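Protein chains get the first letters and strands the later ones, always in sequence-line order, with residue 1 at the start of each. Treat the numbers as computed from the prediction; the structure is a model and nothing was measured.
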Protein chains: 2
Amino acid sequence: MQPNAYTGACPTRVVLDRIADKWAVLILGLLAEGPMRFNSLRRSIERLSQKVLAQTLRRLERDGLLTRTAFPTVPVTVEYALTPLGRTLAETVDALRLWAEAHITEVQAAQRAYDGRGLVMPDA
Amino acid sequence: MQPNAYTGACPTRVVLDRIADKWAVLILGLLAEGPMRFNSLRRSIERLSQKVLAQTLRRLERDGLLTRTAFPTVPVTVEYALTPLGRTLAETVDALRLWAEAHITEVQAAQRAYDGRGLVMPDA
DNA sequence: GATAGCTGGTTCCCATCGGAAACCAATCAC
DNA sequence: GTGATTGGTTTCCGATGGGAACCAGCTATC
């Protein structure tokens, strides 16, 4: 049996749900440039709360995409780094972020055109 | 000013949040092969509810990624098709799905290893 | 002629999730 | 002793997500 994300029971769904995530994309994009520490990540990604950062990091660690290393310094230092597997994914998801940054103008123009048609808008 | 997804106020965030979405990835992947109708999409993507499909489609339409065309047949026929902009995105997000399908085995192995360490697991 | 089925949705309700803020231990600088 | 650092966890509440039911309008079947 080969994986097929369109099949509901396929475990690929779970993985896709994890990596098709705004915060995971941004975290992997940063770690692609080198290892980083918890608070450094938090300060680099605006509006990302500690709770969600911790959750996302632990899930990515569980999926074998990054490693968590704690150094017994004082205060404790924790470093997050991509695994080889994570590095292959980082290239893929970074393309998503780059697409968004490259086409934001076109998307915003489309939104204005859509909203101007006097229809009910999905959300703000 | 150039777009930067790491800045909280950047509109890129909103776009990234929309395209870094499990259902959007699967929908765009199907539409890349040609236009499809509402119920055809619904049947092709298992466990996707009507409500979420309708929501996702309308947001993608608002963002200028796909077009919605209703034909006055009986019963009414509604066709969804990618725009040129949506086509550029579809290639990018399809890479995500393909990554998930290609590396699912490694991810599952990592999960078993992580869970076997006797730690608290993030979730099931 | 009543029932079931198709089309493409919308609405209701509840569980889950996300985010803000508070709290934590331990240690250092002032 | 007061404040700041480290890397989190806990609490609380509002937003979000998904399942199921419902809708109109027409057709095909029994």
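When atom types are taken as modelled, the side chain of A/Thr56 and the backbone of A/Val52 share a donor-acceptor pair closer than 3.5 angstrom. No donor-acceptor distance shorter than 3.5 angstrom exists from the side chain of A/Thr7 to the backbone of A/Ala9, with no hydrogens or angles considered.
Across all their heavy atoms, B/Gly64 and B/Thr83 have their closest contact at O-OG1, 2.7 Å.
Hydrophobic clustering of Ile, Leu, Val, Met, Phe, Trp and Tyr side chains at less than 4.5 Å, counting indirect connections, unites A/Phe38 with A/Val76. Two different hydrophobic clusters hold B/Val14 and B/Ile19 under the rule that ILVMFWY side chains link at heavy-atom gaps under 4.5 Å. There is no path of hydrophobic side-chain contacts, each under 4.5 Å, that joins A/Val78 to B/Tyr114.
A/Leu57 places its CG atom 8 Å from the P atom of D/dG8, with the value rounded to the nearest Å. Put simply, CD on B/Glu46 is 16 Å from C1' on D/dG18, counting in whole angstrom units. Taking atom CZ of A/Arg43 as the reference point, atom C1' of D/dT5 lies 9 Å away to the nearest angstrom. D/dT9 atom C1' lies 11 Å from atom CD of A/Gln55, rounded to whole Å. To the nearest angstrom, P of C/dG9 lies 15 Å from CZ of B/Arg59. If you take CG of A/Leu53 and C1' of D/dG8, they are 10 Å apart, rounded to a whole angstrom. Computed from coordinates, the B/Arg47 CZ to D/dA20 C1' distance equals 17 Å when rounded to whole Å. Rounded to an integer number of Å, the gap from A/Ile45 CD1 to C/dG19 P is 12 Å.
Contact annotation: B/Trp23 side-chain N/O to D/dG18 OP1/OP2 distance is under 4.0 Å. Taking side-chain N and O atoms only, B/Arg58 has a distance below 4.0 Å to OP1 or OP2 of C/dT10. Between A/Arg42 and C/dG19 there is no side-chain N or O to OP1 or OP2 distance below 4.0 Å. One finds a side-chain N or O of A/Arg68 lying less than 4.0 angstrom from the OP1 or OP2 phosphate oxygen of D/dG8.
Across C/dG19, D/dG18, D/dG7, the shortest atom-to-atom separation from the side chain of B/Val52 is found for D/dG18. Here the side chain of B/Tyr80 is nearest to one of C/dT7, C/dG9, D/dG7, namely C/dG9.
To the nearest 0.5 Å, atoms CG (A/Asp63) and CZ (A/Arg58) are separated by 13.0 Å.
Near-neighbour residues of DNA chain C inside residues 31-38 of chain B, defined by a heavy atom below 4.0 Å, number-ordered: B/Arg37, B/Phe38.
Within 4.0 Å (heavy atoms only), A/Phe71 reaches no atom of the nucleic acid at all.
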Open item on the list: side chain to side chain contact (heavy atoms under 4.5 Å, CB included), that's the test. Do B/Val25 and A/Leu16 meet it? Break it down for me.
Closed with: CA-CA 9 Å; B/Val25 166; A/Leu16 188 58; 4.3 Å; yes
Open item on the list: Strictly under 4.0 angstrom, non-hydrogen atoms only: write out the protein contact profile of nucleotides 21-30 of chain D, one letter per nucleotide from the 5' end, B, S or -.
Closed with: B---BS----
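If you run side chain to side chain donor-acceptor pair (under 3.5 Å) between B/Trp99 and each of A/Thr12, A/Thr92, A/Thr88, only A/Thr88 comes through.
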So which protein N/O to nucleotides 12-14 of chain C N/O distances come out below 3.5 Å?
none

